[in-house]
Amino acid sequence: MGEFDPFRWSIYLTVGPAAMATYFLLRSNYLRVLILLFVLIFLDQVFMTWRHFYFVNFSISSAFAYTLFGALLLDPSARVRMPAMSAAWAALLTFALFGVVIGAADPRLGMTFQIPEFQFFFAEALLYFWLGRACLRDAEQAHRLLLWVVWFGGIIALTHMFSLATGFTFYTSGKVVEVSAQEGLGFRYGSVFVNPNTLADFYAMTIPAAVVLLLGWKKLSGRTRISAIAAAGLMSISLPLTASRGGLAAAVFVLGVTALLLPVGLRIIVSYFGAGILIGGMTAVGIIVLFPEYWERALTRFQEEGLQGNRYRLWGDTLDLLMKNPLGIGLHPFNFSAAIRPYGHAMSNPHSIYLDLAAKVGVPGLLAFLAFCVGLFRRLGRARRHGSPELRTAAAAITAMMLGFLVGGITEPIFTNGYKLQHLFFFLAGVGSFLPHWLPSREAARSSVPVVPPSRWSPAES
């Protein structure tokens, strides 16, 4: 449960209820979602970390998410949007519960440690998926929200570079650390995501999304275009400084795929390469001028390690472990570290979201997650081929972000390596899964969930 801090809890009990009441009474779901994403990205595990209390985990973003969920349950038009409880979701949650029982068989852990893992990484995954489906009024709001995520990425890049320049780091995971280019791995810093690999995978999602928003079917105003280019440039400077091989490779790969998501035409081809030259130039100048020592350290790491590492042997041994335990070994990281130790590894996860998921929820649970992703891409593809410019651009941008998460996850366990990026993934998946409902009626009729007009929203909402 952690040490009881009277001062901390006095703040929680005085400021907390008033903040939650104000948040609950806001009229605009779009504004409430922006606040939730801001809290999730910039406050959680930065200024306030999560707390464990018996079978429940508490975090500041959870408080905002559950408050918003309660408000949406009172709105019939929002409530009917949520379900989409496909067979894939049902199977994933079912096998996650199996993982709770399997992991609790270890007497050192029991249910006390398994249930919070289920809450953060599976129950709240569904919660954020529902919030993504229910909170937005139309494709225009979805497009605008994605721009905000890109702008948030620019701010994250600035905080990362500020820490590299000054050595000052923010409160994360209960301690203050110092970042330096002088020795060890202290030059690698994850900013608001704590882990530098997670930060790099976030950029693998948001930089391609920025390119789609800049070059998609929806035309941006001059000021919006400049701000999106600036955010993409800042993220492109920050990305190599994480020294994350997997994140950098994922970003390059998804940027290549992004070209296939954009409108076809000579203007787009020229614009795509022009944007690449512009952002690439900003990246080179920013790194060489501002952070030569950090770039030298990152480049040395790239050159020395290249494609080498202990992940390949770890993956092979994890596959052998899964052959013996096809239903998984439990949700808590200690379950994996105890099971993999006889193979000669001191790891809490297999450094891949796919092997990590299989170890937690079994091979059937992994297949359920992959089936969920396939269904999501089918919906996004339908929205990208039809509808308004805002709808097509939003669908293409979310497709790029989903790919960034899934490709980056090949070498990183970002499904359970912290919940911030995972929650963002499922929120955007929820938005993307609902996009086909804003297609013209003939296309929307193909969807399995009926379109319900959001009667309680007014044009004055923003």
Can you see which heavy atom on [X] is nearest to which on [Y], and at what distance?
X      : Y      : value
Ala65  : Leu36  : N-CD1, 3.7 Å
Arg81  : Leu136 : NH1-O, 2.6 Å
Trp315 : His351 : NE1-O, 3.4 Å
Pro208 : Leu255 : CA-CD2, 3.8 Å
Leu239 : Ala251 : CD2-CB, 3.7 Å
Arg225 : Leu220 : NH2-N, 4.0 Å

Could you check if a side-chain atom of [X] sits within less than 4.5 angstrom of a side-chain atom of [Y], using non-hydrogen atoms only?
X      : Y      : result
Tyr354 : Thr318 : no
Arg144 : Glu140 : yes
Cys135 : Leu68  : yes
Leu131 : Val33  : no
Ser191 : Phe162 : no
Val212 : Thr399 : no
Met401 : Val149 : yes
Val150 : Leu146 : no

Inter-residue atom distance [X].[atom1] - [Y].[atom2], 0.5 Å rounding:
X      : Y      : atom1 : atom2 : value
Ile60  : Leu40  : CD1   : CG    : 10.5 Å
Glu124 : Tyr419 : CD    : OH    : 8.0 Å
Asp201 : Asn417 : CG    : CG    : 9.5 Å
Met82  : Leu127 : CE    : CG    : 8.5 Å
Lys324 : Leu319 : NZ    : CG    : 12.5 Å
Leu421 : Ile353 : CG    : CD1   : 9.5 Å

*Going through the checks in order, is the side chain to side chain donor-acceptor pair (under 3.5 Å) test met by Arg133 and Ser433?*
CA-CA 7 Å; Arg133 285 182 59 85; Ser433 76; 2.9 Å; yes
*side chain to side chain donor-acceptor pair (under 3.5 Å) evaluation trace for Gln422 with Tyr128*: CA-CA 10 Å; Gln422 190 247 44; Tyr128 274 82; over 6 Å; no
*List the steps, then state whether side chain to side chain contact (heavy atoms under 4.5 Å, CB included) holds for Leu428 with Leu424.*
CA-CA 6 Å; Leu428 294 171; Leu424 179 63; 4.1 Å; yes
*I would like to know whether Thr416 and Asn349 meet side chain to side chain contact (heavy atoms under 4.5 Å, CB included); could you show each step before the answer?*
CA-CA 9 Å; Thr416 53; Asn349 60 71; 5.6 Å; no
*Is the Tyr66-Phe69 ring centre distance short of 6.0 angstrom?*
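So the answer is no for these two rings.
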*When the aromatic ring centroids of Phe64 and Tyr23 are compared, is their separation below 6.0 Å?*
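Close enough - the centres of the two rings lie under 6.0 Å apart.
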_If we check ring pair (Phe, Tyr, Trp, His ring centres under 6.0 Å) with Phe122, which of these qualifies: Phe415, Phe95, Phe426?_
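Output: one option passes, namely Phe415.
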*Check each of Phe129, Trp130, Phe369 against Trp89 using the ring pair (Phe, Tyr, Trp, His ring centres under 6.0 Å) test, and report the only one that passes.*
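The passing option is Phe129.
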Short side-chain to backbone donor-acceptor contact, [X] and [Y], under 3.5 Å:
X      : Y      : answer
Ser163 : Thr159 : yes
Asn335 : His332 : yes
Asp75  : Ser77  : yes
Arg32  : Phe24  : yes
Arg311 : Thr411 : yes
Arg384 : Ala395 : no
Ser352 : Ile410 : yes
Lys420 : Phe42  : no
Ser238 : Leu234 : no
Trp148 : Leu34  : no

_Go through it in stages, so that I can follow the logic: the residues are Gln141 and Asn29, the test is side chain to side chain donor-acceptor pair (under 3.5 Å), and I'd like the CA-CA distance, side-chain angles, deciding distance and then a yes or no._
CA-CA 10 Å; Gln141 283 195 343; Asn29 286 325; over 6 Å; no
*Will you find, in the side chains of Ser227 and Trp151, an N or O donor that is under 3.5 Å from an N or O acceptor?*
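There is such a pair (donor and acceptor under 3.5 Å, judged by atom type) between the side chains of Ser227 and Trp151.
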*Lys NZ or Arg CZ of Arg108 over Phe334 ring: under 6.0 Å, within 45°*: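 That pair does not qualify as a cation-pi contact.
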*Quick one: do Tyr30 and Arg137 satisfy side chain to side chain contact (heavy atoms under 4.5 Å, CB included)? Show the steps, please.*
CA-CA 8 Å; Tyr30 174 76; Arg137 183 181 62 215; over 6 Å; no
*asked:* Please evaluate residues Thr393 and His143 with respect to the criterion side chain to side chain donor-acceptor pair (under 3.5 Å), reporting the C-alpha separation (whole Å), side-chain torsions for both, the decisive distance (0.1 Å), and the verdict.
replied: CA-CA 7 Å; Thr393 304; His143 182 271; 4.9 Å; no
*Run the salt-bridge test on Glu412 and Arg245 with the 4.0 Å N-O cut-off and return the result as yes or no.*
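Salt bridge flag = no for Arg245 with Glu412.
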*Give the intermediate values and the outcome of side chain to side chain contact (heavy atoms under 4.5 Å, CB included) for residues His437 and Arg379.*
CA-CA 10 Å; His437 295 274; Arg379 285 173 172 259; 3.9 Å; yes
*asked:* Within a 6.0 Å radius of atom CZ on Arg378, are there more than 12 heavy atoms belonging to other residues, nucleotides or ligands?
replied: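 Atom CZ in Arg378 is not packed in, count stays at 12 or less.
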